Amino acid sequence: MTDQLQDEGLEYPPGCAYVRGRYAPMAEAKISVLDWGFLRSDATYDVAHCIDGRFFRLDAHIERFYRSAEKLRLEIPVDPEACAEIMRECVRRGGVAEAGYVECLVTRGVSPTFSRDPRDAIPTFMVFAIPLGRILPLDRWEEGLHVHVSTIHRIPPESVDPTAKNYHWHDLVQGLYAAYDAGAENVVLTDPAGNICEGPGFNVFMVKDGRIATPDRGVLEGVSRDTAMRLARELQIPVEARAVSAQEFRAADEAFITSTAGGIMPITKSDHAPIGDGRPGPITRRLSERYWE
Ligand code: PLP
């Protein structure tokens, strides 16, 4: 009754969640207000997508999830096989097999005494599957993304290891607001040396004179980033992970982002100036085609 009253007027996407050992509709996927995941962003997660009933590189996502948890000393209360099976089951029950966004997460959890010692907390593990949303909707792919290169710095890797997927998103979300203020639709954060890092939920690539580059530091090692690099090598296009200055990025022939939420998507404008000729470039196009193949 109380839950119903509190939820009046709130809507949730369709899908299915796995919470406290049982499957439930998204409206019931909740955590305690005392959970360290909520109060301290003390959590890790991973997101895979499935299209037409098939997951894209689920093993790579599960591997990264367990690696992230280990780095953060978080304990996942199920083994990787069970986690994968729960993700599959959420997709089946949630009816999102056609295009699903499937997230598994673990938080430090709740300590029964609200102790300040993280070791006293009992971890919270959850999975949910909802319809896949793309950073750049398919019908806007040809137009491409307009990004703002922000002076907001991505949280330094010395403070929070970006290779352990995390919810430290203040920089990314404030970056998004800075982008909206600047009349752009998305943001690329930088580091104190003036190099580009990444954006909210995506890695960034640039192409100059037929060579591809992507930042090597201060970023999540995205599964789609790795896929784009593998595909480039397969197509014999030189690709390297290295420092990419904001200046170099703006002067690129092509630029694109990679993410589970949409694959390979072109950037065609940076702070109102075109990247290259202002249209998705040929290398971006080839990589995206191969990605979906
Ligand atoms: N960078 C950040 C900060 C992310 O949160 C994500 C994905 O959510 C990515 C990059 C892209 O990673 P992936 O290709 O594994 O989806």
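From a predicted model like this one, the values you see are computed outputs, not experimental measurements. Whatever order the structure lists ligands and atoms in, that order sets their numbers, starting from 1. Count residues from 1 along the sequence.
- Scanning the protein for heavy atoms near atom 16 (O) of ligand 1, the closest one is T260 OG1, 2.6 Å.
- Residue contact annotation: K165 has a non-hydrogen atom under 4.0 Å from ligand 1.
- Of the protein's heavy atoms, G201 CA, 3.4 Å lies nearest to atom 4 (C) of ligand 1.
- Checked for salt-bridge contact, E28 and R22 meet the test: a charged N lies under 4.0 Å from a carboxylate O.
- Among all protein heavy atoms, the one lying closest to atom 1 (N) of ligand 1 is E198 OE1, 2.7 Å.
- Under 4.0 angstrom from ligand 1, the non-hydrogen atoms of W169 all belong to its side chain.
- Taking any N or O of S224, backbone or side chain, at least one lies under 3.5 Å from an N or O belonging to ligand 1.
- At least one N or O atom of V223 sits closer than 3.5 Å to an N or O atom of ligand 1.
- Summary of contacts: the protein heavy atom closest to atom 12 (O) of ligand 1 is G222 CA, 3.4 Å.
- The pair E221-R67 does not count as a salt bridge, with every side-chain nitrogen at least 4.0 angstrom from each carboxylate oxygen.
- There is a side-chain donor-acceptor pair under 3.5 Å between D271 and H148.
- Looking only at side-chain heavy atoms (C-beta outward), E198 and L220 come within less than 4.5 Å of each other.
- Put simply, no part of V47 is less than 4.0 Å from ligand 1, judged by heavy atoms.
- Within the 4.5 Å cutoff, side-chain heavy atoms of I237 are placed close to those of R286.
- At under 3.5 Å, a nitrogen or oxygen of R64, whether backbone or side chain, sits near a nitrogen or oxygen of ligand 1.
- Ring geometry for H272 against H146 counts as perpendicular: the plane angle is over 60°, on a 0 to 90° scale with 30° as the lower cut.
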In a table with atom names and distances, give each donor-acceptor pair under 3.5 Å that connects a side chain of residues 124-135 to protein atoms at least two apart or in another chain.
{"residue": "T124", "atom": "OG1", "partner": "D35", "partner atom": "OD2", "Å": "2.6"}
{"residue": "T124", "atom": "OG1", "partner": "T107", "partner atom": "OG1", "Å": "3.4"}

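- Checked against salt bridge (charged side-chain N to carboxylate O under 4.0 Å, His left out), D171 has the following partners two or more places apart in sequence or in another chain: R154.
- Between S259 and ligand 1, no N or O atom pair is found at a separation short of 3.5 Å.
- In Y45, the part holding a heavy atom less than 4.0 Å from any atom of ligand 1 is the side chain.
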